[in-house]
Amino acid sequence: MASYETGDVVLTAVEKCFGDSSVVKGIDLTIRKGEFFSLLGPSGCGKTTTLRMIAGLEEPTSGSISIRGERMNGVPINKRPTNLVFQKLALFPHLNVWDNVAFGLKLKRVPEAEIRTRVGEMLDMVRLSGFESRSIASLSGGQQQRVAIARAVVNKPAVLLLDEPLGALDLKLQTHLQEELRRIQRELAMTFVYVTHNQTEAMAMSDRIGVMNAGQLEQVGAAADLYLRPQTEFVAGFVGQTNLIGGKVTAIGETTISIEAFGLTFDAVRRSAVETGQAVTFSLRPEQIRIAQAGGAGIQLPLVDATFFGATATYRLQVPGGTIVAQTQGDLQMLAPGQTVSVSWPPEAVVLLTGGQS
Amino acid sequence: MTGGKALGTFRSFYVPAMLVGPATLIVLIPFIASLVVLGVYSVGFYPGGAGFDLGVWKTFLSDSYSWTVIFTSIRLAVIVTFFCLLIGYPVACALVRLDSMLMSIIAYTVIFSPLLMSVVVRSYGWLLLLSDSGFLNSLLGAWPLNLGPYRLIYNEIGVIIALVHILLPFAVLPLITVLLQQPQQLREAAADLGASPFAIFWKVTFPLSLPGVIVAAEIVFALAVSAFVTPAVLGGGRVLNLSRLVYENIGNIEWGLAAVQALILLIAAVGVLLILERFNRRTFGEKS
Amino acid sequence: MLLTRRNTLKAAAATAFTLTAGRAMAATRISQFIWTGAQEPVPRKLAEAYMKAHPDVTIELTAGTNAAMYPKIKASLDISANDPLVNFGFFNLDASAKGRTANVFAPLDKTAVPNVENILDAYRQPDDIGAIFCMDVCGLVYNTDKIKEPPKSWNDLFDPKYKGKVALFDYYWAGNGLVALAKLNGGSEDNIEPGMKIYADAAAAGQFHSLYTSNAQLQQLLVSGEVWIAPYFRGVALPWAAGGAPIGYSVPTEGQVTFPEGFQLVRGGSAEQTRISQEIINLSLAPEAVLDYCKTASVLPLMKNVTLPADLAKDPAVQPEALKSAINLDYAKMAANHTAWSDQWNKRVKVNL
């Protein structure tokens, strides 16, 4: 495994404004050497702008960006140790596959023999050997995608930047190329910064994920961290489905706290400092909720409706002033709307959201 | 079944035919008719002509003077095309990159307003600018240069300068079109792969704009090779091109000779266009 | 519904046709060709007066040059012998000679145009094909700032001190001195070689600044001082001088070249068009009309009953001796030789410029 010791890309208080509108509002981020890092967020959250600032296509309004310890502010795009895989690929239509991939090496005046070896190896790696003299227009979407990746990776950049490169492909191809990307990244032990709005994609590929919202980095962590221990409402809601519930701290125990919401009491593991009476929001993942026939352990709640999906089923449960959603393995089909059921969850499932700071 | 098929034919043939029909007729009928008339006249069939006779063709083509004129016409058109592209290309690049609306309006007006003016007027305008005592020579003759005066009109130089000015918009328009179609991302991608602005231009922008360059060259060449007014006004009798000969021979009521020369002018123009078109296809046809 | 509408349209079209046809029958349309510049005002004035007196007649005036107009007229008669592009107009002897050979012009009827009888006998045309009633003369036009002493000879055009300062008209044989020079050097309309050789040698030696194809070009060249001297028409140069330009006209001692001009009736018009055309020609040949024309256009009358007023008659160019020694060209032969001469002009003069 690659070393995670060094920060390969370090962003310090990076801001970007276009005219009056501020798109990136102060980001501090350290991306480790050799990791597959994803910037995840809805469209317009500033993730692409952040990527373009690392690439050198945009200059930050303030703050600094450094790569491998060198400050990048003011360094033109063609002098940066990064390469970018564009969202729309931006392959050169007047060049064939080979010339597209060799483009960067030729510019750097790499010796002809070395170009031949490296481009050949690269085409091997993306499984496009034999396509050297094909025109770009004659390739399928997936093949074009792999040329775009090869064209960037062949230059052995310190950091490979990818701007939603799989967005335009169909789901099956997407899944396949996700695996390919992951394989290439592991083989080369190269730092990848991957921008996507697709949380499944990010979770499937990334070592770590930074979730962005409205120009800010909400939380950085491994997929499981984000899912199991989201720190903000936005992260909890964006990464997977959840029940976001507002309540008040009623009791603080040694290892647990009690929160009152909808007139019900939710026990949670005590992780952060809270005070009695404090208003809090917590997340309760639907699949963490256990449902049993009425009269079992836990609280008794009426079932509003049930939707059966085969492998899973979801239930909406009536609470005073609203509903909460639960998801189970699809084996409780005997439950019918209107019925009262027993509902319970482990204290670890109640995750207190501590705010917007990242 | 038959009804459906008839409707299909109607849609696939008659509807497009009706849409392009009028334009095609307007363009094609006079063109073909005049070609037929020229062809018939050139072999001796015209009012007062002697009947079938290839003599005019033979005489014209075996005369070295004819070839001088043909080559002058083509050389002139090639030079004008070259300079139109050389000057028009940066202009088109600049126009495409203009951000300010006001600047764009001003620039487009300056470059394209000459199209609204008669060629005769513009040619006479150049007469005033380029004559020995004209604006340019007074500028060069003034302190501190004290140069000249240089003979800039009544020779090929004057005709070239004026034709380049007159035909420049015809070069700029197709170039603008092709440059506007070029995605900004391709230039970004080239820069990302390490290309300097210079390398971006030569390795991406320029090769991708070649189809536009060829279209521009075709239009300018076709107009320059058949230019009549400008060589007549600014050539001072020194610029011997084919269209001038055609005009003279119409004046001399030499229909046969005029027809031969007009056809040769057309053949020369079409020949060069075919070469350019072939070049276009060789560059881009195979790869896409 | 559709049928009804179609019928209505048909009816409307028919009505429109009747109206147009009716009007055409009532009015006669005459197309008259005139020259431009100083030659333009008098024919316009006469045409307007005629239309005022005859409201049923419309005269359309087309202004241009013989060189451009004559081929069009010839072509229009080739296409349709009964529909000439113009009914009558102003032509020089060059075009008159071409048109006589090509059967473009019709003879004038002496009874319809009695004023032809007043034309000087020497200029009366065979069969009265044309009424050549006035004459311009061609001599040396020069820039008075650059050439203080008026040039005296046709040979001045080839004087080395004017090297690169001489301009010539392209092809206009009467106006560019080619035929005159041939005659002065032992040639003639049948043997142009002595003149052609002088022009070819001078062209090769860089004597000529340029060849011009319009009056405006020569004016610009002379006024700017780029060209100092050129052979050309008195009638063109005098109005420029009168307008204040530093331009002079001088009579070469070897004689000026005469350039007779007048009306030609084009074949193919209707009887009514022919009648009206001849009536207007006759009116234009009236003494006061001729004098008006001669004064406006700086040309000389060729009429028995017209003499120039004293102030104009003083000009040395129009003195009887000057006109007696003038060089008369055979325009019929020039017209016949035009194509052959153009070919030589192209190959020996223009190529060597």
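Side chains included, hydrogens not; waters and symmetry mates left out as well; all remaining heavy atoms used.
Listed for the C:Gln220 side chain is no donor-acceptor partner under 3.5 Å among the backbone atoms of B:Leu128.
Using a 4.5 Å cut-off between heavy atoms, B:Ile250 contacts chain C through both its backbone and its side chain. Residue C:Tyr171 touches chain B through its side chain alone, counting heavy-atom pairs closer than 4.5 Å. Looking at C:Ser224, the atoms closer than 4.5 Å to chain B (heavy atoms on both sides) sit in the backbone and in the side chain alike.
How far CG of C:Asp343 is from CG of B:Asn252: 10.0 Å, rounded to the nearest 0.5 Å. Rounding to the nearest 0.5 Å places CD of C:Glu226 at 6.5 Å from OH of B:Tyr154. In this structure, B:Ile253 CD1 and C:Thr339 OG1 are separated by 9.0 Å, a value rounded to the nearest 0.5 Å. With rounding to the nearest 0.5 angstrom, the CD1 atom of B:Ile153 is 7.0 Å from the CG atom of C:Leu221. Note: C:His209 NE2 to B:Asn155 CG = 8.5 Å, rounded to the nearest 0.5 Å.
Remark: B:Tyr41 OH is packed, more than 12 non-hydrogen atoms of other residues, nucleotides or ligands lying under 6.0 Å away. At most 12 non-hydrogen atoms from other residues, nucleotides or ligands lie less than 6.0 angstrom from CZ of B:Phe82. A 6.0 Å sphere centred on NZ of C:Lys146 holds no more than 12 heavy atoms belonging to other residues, nucleotides or ligands. The local environment of CZ in B:Phe228 is crowded, with over 12 non-hydrogen atoms from other residues, nucleotides or ligands closer than 6.0 Å.
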Between B:Val69 and C:Asn346, is the side chain to side chain contact (heavy atoms under 4.5 Å, CB included) condition met? List the steps.
CA-CA 10 Å; B:Val69 174; C:Asn346 280 339; over 6 Å; no
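Annotation: residues 63-77 of chain C contacts chain B through C:Ala67, C:Ala68, C:Tyr70, C:Pro71, C:Lys74, C:Ala75 [non-hydrogen atoms, separation under 4.5 Å]. The contact list for residues 90-106 of chain C toward chain B, using heavy atoms and a distance under 4.5 Å, reads C:Lys98 by residue number.
When every heavy atom of B:Arg151 is checked against every heavy atom of C:Gly164, the shortest pair comes out as NH2-O, 4.1 Å. Nearest heavy atom pair, residue B:Val233 against residue C:Gln217, reads O-NE2, 2.6 Å.
Under 3.5 Å, the side chains of C:Ser214 and B:Tyr124 contain a donor-acceptor pair of N or O atoms.
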